[in-house]
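Down below is the structure, laid out as structure tokens.
Index from 1, following the sequence.
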Amino acid sequence: MKKILAILLAVCLTLSLSVVAFASEVSPSPEPETPSTPDISNPEIGKLVSSATAANGSRVDASVTVLPSADPIAAELKDNTPVAVYAIDIRSAVDDGVNVTFDVYAPGASENDIVLVRDEWDVLEGANLKVNGNRATFTVPAGTVKQWKYFAIVKDFNTVEVEDPKQDTGNVTDDPADGDEMNAGDQTEDPKEEDNTPAPSESENPPTGVVLAVIPMIVAAAAIVISKKR
């Protein structure tokens with residue numbers, strides 16, 4: 001009986017050492033994925049790409065939102081054959097007199113089209129509209145963007161009646177499912193983010209090994225007590 005208990009004790013002590021070693025092993029963190037360069041010729045991707053450039057060639061931090069046709073602002077131009085209606089915000093500190101050129105998604109646009117600004121939807125003077133495929137560029141002073149916010153490219157122009165011809169400072173009411181916000185200079189709206197989660201350190205490992213190590217030690221202690229009683 002004593003030999004059996006001695007063997008059992010030796011096995012339990014061996015297990016108590018090996019379990020801790022296994023529990024402390026750390027799994028390697030996965031390699032982060034590198035986002036690919038988007039193909040802006042794809043209409044769905046091109047719709048999410050825009051840029052804003054100052055007259056000196058520097059980039060301007062701005063956002064461009066394409067309003068869906070159901071939006072009340074866009075609906076004001078339903079009789080003017082709109083190509084696209086935009087809500088634009090400039091977030092950079094740019095002087096009001098600086099001309100900013102916006103590169104936007106405008107499928108179906110042509111250089112004979114007209115750029116409007118929502119000050120009672122007037123013609124934007126000096127817009128210098130240029131079209132390249134589904135892309136279009138137009139130029140507008142930064143102060144005009146800050147004051148009026150809404151712009152449109154239309155095929156026809158005649159007098160447009162609006163509910164509030166003055167500056168509209170409210171939030172854009174478009175449905176996110178229909179219109180997408182585009183950050184100037186971004187290549188994709190939703191690039192795959194890199195996984196920068198650090199690998200868990202030894203101190204963050206669950207205490208499984210310690211718990212399992214205690215069990216065989218308890219069994220060994222019980223075996224010693226039984227052996228002494230016999």
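- Between Val64 and Tyr105, the closest side-chain pair of non-hydrogen atoms is not below 4.5 Å.
- Checking Asn112 against Ser110 by side-chain atom types alone, no donor-acceptor pair falls below 3.5 Å.
- Here the CZ atom belonging to Phe102 is positioned 9.0 Å from the OG1 atom belonging to Thr139, to the nearest 0.5 angstrom.
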Stepwise side chain to side chain contact (heavy atoms under 4.5 Å, CB included) test for Glu111 and Val131: CA-CA 6 Å; Glu111 293 189 3; Val131 177; 4.0 Å; yes
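- Looking at Val104 and Phe151, their side chains never come closer than 4.5 Å, going by heavy atoms from C-beta outward.
- Closest approach of Ala62 and Arg91 over heavy atoms only: O-NH2, 3.6 Å.
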Considering only distance and modelled atom types, tabulate donor-acceptor pairs under 3.5 Å from the side chains of residues 92-99, sequence neighbours left out.
{"unit_1": "Ser92", "atom_1": "OG", "unit_2": "Asp61", "atom_2": "N", "d": "2.6"}
{"unit_1": "Asp96", "atom_1": "OD1", "unit_2": "Lys146", "atom_2": "NZ", "d": "3.1"}

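- Two residues are said to be in side-chain contact when any heavy atoms from C-beta on lie closer than 4.5 Å; Leu116 and Val123 meet this criterion.
- Side-chain atoms of Thr101 and Thr53 form no donor-acceptor pair, as typed in the model, at a separation below 3.5 Å.
- In plain terms, the two heavy atoms of Ala106 and Ala136 that are nearest each other are CB-CB, 3.8 Å.
- Looking at Asp71, its side chain does come within 3.5 Å of a backbone N or O of Ile73 through a donor-acceptor pair.
- Note that CG of Asp119 and CG of Leu124 are 11.0 Å apart. Values are rounded to the nearest 0.5 Å.
- The two residues Pro107 and Val83 have their closest heavy-atom pair at O-CG1, 3.4 Å.
- Here OG of Ser51 is found 5.0 Å from CZ of Arg59. Values are rounded to the nearest 0.5 Å.
- Between Val140 and Val117 there is no side-chain heavy-atom pair separated by less than 4.5 Å.
- Considering every non-hydrogen atom in both Lys155 and Ile114, the closest pair reads O-CD1, 4.5 Å.
- Side-chain contact check for Leu67 versus Tyr150: some heavy-atom pair is nearer than 4.5 Å.
- Annotation: side chain of Thr81 is not in contact with side chain of Val154 (no heavy-atom distance under 4.5 Å).
- Taking every heavy atom of both residues into account, Arg118 and Trp148 meet most closely at O-CE3, 3.6 Å.
- The distance from the CG atom of Asp122 to the OG1 atom of Thr144 is 11.0 Å, given to the nearest 0.5 Å.
- Side chains of Thr137 and Asp103: no donor on one and acceptor on the other come within 3.5 Å.
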